[in-house]
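Keep in mind the model is a prediction, meaning the values are calculated, not measured. Chain letters run A, B, ... following the sequence lines, proteins first and then strands; every chain starts at 1.
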Protein chains: 2
Amino acid sequence: MTAVLVVDDDPHLLRALRITLQAHGYTVTTAVDGTSALLAATQNPLSLIILDLGLPDIDGTRVLKELRGFSSAPVLVLSARHGSEDKVEALDAGADDYITKPFGLDELLARLRALLRRSVEPERETVVRTDAFTVDLAKHRVTRDGADVRLTPTEWKILEVLVRNPEKLITQQQLLSRVWGPAYAKETNYLRVYMAQLRRKLEPDTASPRHLLTEAGIGYRFMP
Amino acid sequence: MTAVLVVDDDPHLLRALRITLQAHGYTVTTAVDGTSALLAATQNPLSLIILDLGLPDIDGTRVLKELRGFSSAPVLVLSARHGSEDKVEALDAGADDYITKPFGLDELLARLRALLRRSVEPERETVVRTDAFTVDLAKHRVTRDGADVRLTPTEWKILEVLVRNPEKLITQQQLLSRVWGPAYAKETNYLRVYMAQLRRKLEPDTASPRHLLTEAGIGYRFMP
DNA sequence: GGCGGTTTTAACGCTTCCTTGATGGTTGCG
DNA sequence: CGCAACCATCAAGGAAGCGTTAAAACCGCC
């Protein structure tokens with residue numbers, strides 16, 4: 001559940017870190033240079049970044065500064081350089097911790113825990129309103145006429161996918177594979193059952209839905 | 001004005017640190033052993049604590065844990081011991097950083113800046129009230145009908161995560177990994193046990209909780 | 001080494017949710 | 001008009017999740 005990005009140009013170390021981190025319950029993505037690291041950091045939300053300063057393409061400190069431009073995730077720097085100027089430079093560039101190679105894995109993990117303990121997920125306000133109901137994606141909450149609407153986990157997952165893509169047509173296969181997993185791409189019956197329940201809970205007039213629309217033969221669409 | 005407490009039994013080092021820190025604009029108080037350190041920490045609000053683990057009276061890790069009982073200020077540990085077990089122990093006991101002696105003063109200052117950069121000035125409202133109980137996040141205290149409620153460390157951690165995110169749904173995985181660590185993401189049984197205990201201590205009517213709510217299959221939510 | 005407090009484990013009834021199948025309605029096309 | 005494909009709705013059985021309790025394991029401390 002905790003997403004960690006590991007950036008290092010040494011494939012062996014990368015592999016070792018990935019295995020260790022995954023064994024400790026982290027979700028790991030990796031990058032081998034600065035360019036792909038920055039790309040990866042923009043792709044998915046990260047809880048923490050482990051960054052080697054000795055990258056082939058871009059200077060590590062530079063990567064760090066770029067990173068800080070759009071991410072506030074804690075950064076733990078790995079480096080082969082022991083000099084205190086390097087440490088000061090990295091820390092002042094936005095790093096939260098600095099370990100020199102070689103390092104003990106248990107120490108790395110402990111420092112990682114210490115960093116994560118402090119970090120608060122800065123989730124942005126994401127409220128989507130319609131004239132019938134309101135969906136607060138951050139709080140995981142749906143209200144209608146001021147009252148809470150109770151949704152089951154599956155109902156919520158479906159609604160979330162639809163609401164995160166307003167006006168966009170989501171195919172049945174997309175919905176099924178995101179909510180139930182890729183193996184369920186043919187169980188369109190599930191969708192019928194759950195869309196009916198969602199409409200009963202959210203639509204003022206179930207017979208003619210205005211926000212949860214069906215595109216016959218293709219999929220569903222959410223209109224704000 | 002940034003207040004720093006320096007704890008070390010070596011008067012020379014203490015003096016050097018005081019002078020250096022004051023030269024960089026910090027307000028410095030000092031202590032030479034664990035007892036006086038804990039006392040000093042209760043006296044005035046601190047932005048950061050520099051703690052030497054080799055104290056004459058109390059074991060350094062113990063001081064850390066005591067400290068964490070009432071303060072959430074970042075702690076930078078100094079130690080003569082290089083062993084990774086020592087580091088892991090200190091970091092897991094609540095330290096935010098760990099440097100071994102001898103160290104460079106400029107590195108210490110840089111790490112200090114990195115820690116302070118993260119720390120939110122605790123100016124915001126740290127007291128959360130409901131009609132049944134009151135939680136003081138800064139003081140680590142919970143009161144109900146004017147009387148203190150005794151919470152175990154684990155109970156407090158859970159309550160803290162929930163209360164710091166009012167109205168927000170916290171998934172079971174988030175709670176478990178925050179309180180027990182990322183490896184415990186499947187032990188949902190723990191949550192059931194502890195939520196029951198928290199409700200027994202805090203909710204007027206355990207059968208129909210109004211502030212510690214369950215979202216079946218997903219997680220829990222605190223409502224003020 | 002025993003003691004008080006805390007955490008972990010296990011077991012139980014109970015509630016909620018998911019799945020499944022059946023039924024009827026709608027749409028489009030030959 | 002009749003048929004086929006698709007959709008909406010409902011209800012029921014079984015699976016999964018929840019609250020609760022109590023006992024066992026664990027821990028720091030006297």
Touch class at under 4.0 angstrom, heavy-atom based, for B:Thr188 against every strand present: nothing
Interatomic distance where CD belongs to B:Gln172 and C1' belongs to D:dA16 [whole Å]: 12 Å
Along DNA chain D (nearest heavy atom to each residue), the more 5'-positioned of A:Ala207 and B:Val193: A:Ala207
Close aromatic pair by centroid cut-off 6.0 Å: B:Tyr194 and B:Trp156: no
Nearest-Å distance for atom pair CG/P, residues B:Leu213 and D:dG19: 11 Å
Nearest-angstrom distance from the residue atom CG of B:Asp205 to P of D:dT20: 10 Å
Distance test, side-chain N/O of A:Thr152 to OP1/OP2 of C:dC18, below 4.0 Å: yes
Short side-chain N/O contact to D:dT20 OP1/OP2 from B:Arg192, under 4.0 Å: no
From CG (B:Asp59) to NZ (B:Lys65), nearest 0.5 Å: 8.5 Å
Rounded interatomic separation in angstrom, taking CG from B:Asn189 and C1' from C:dT7: 12 Å
From C:dC17, C:dT7, C:dA10, nucleotide with atom closest to B:Thr154 side chain: C:dT7
Nearest-angstrom distance from the residue atom CG of A:Leu198 to P of D:dC10: 14 Å
Euclidean distance, atom CZ of residue B:Arg62 to atom C1' of D:dC27 [Å, nearest integer]: 11 Å
Side-chain donor or acceptor of B:Arg221 paired with backbone N/O of B:Glu167 under 3.5 Å: yes
N or O in side chain of B:Tyr194 less than 4.0 angstrom from C:dT7 OP1/OP2: yes
Ion pair check, B:Arg210 and B:Glu203, cut-off under 4.0 Å: no
Under-4.0 Å side-chain N/O to phosphate OP1/OP2 contact, A:Thr214 with D:dC7: no
Side-chain N,O (B:Trp180) to OP1/OP2 (C:dT7) below 4.0 Å: no
Protein-nucleotide distance (B:Leu191, atom CG; D:dG19, atom C1'), rounded to Å: 13 Å
Among D:dT9, C:dT16, D:dG19, the nucleotide that comes nearest once only the side chain of B:Arg199 is considered: D:dG19
B:Tyr220 side-chain N/O to D:dC18 phosphate OP1/OP2 under 4.0 Å: no
Touch class at under 4.0 angstrom, heavy-atom based, for A:Glu155 against every strand present: nothing
N or O in side chain of A:Gln197 less than 4.0 angstrom from D:dC10 OP1/OP2: no
Minimum side-chain heavy-atom gap A:Tyr220-A:Leu191 below 4.5 Å: yes
Candidates D:dT20, D:dA8, C:dT16 - which lies nearest the side chain of A:Ala196: D:dA8
B:Arg150 vs C:dT6: side-chain N/O to OP1/OP2 distance below 4.0 Å: yes
DNA chain C: 5'-proximal contact among B:Tyr190 and B:Leu151 (nearest heavy atom): B:Leu151
Salt-bridge present (B:Asp86, B:Arg81; N to O < 4.0 Å): yes
Whole-Å gap separating P (C:dT20) and CD (A:Glu187): 6 Å
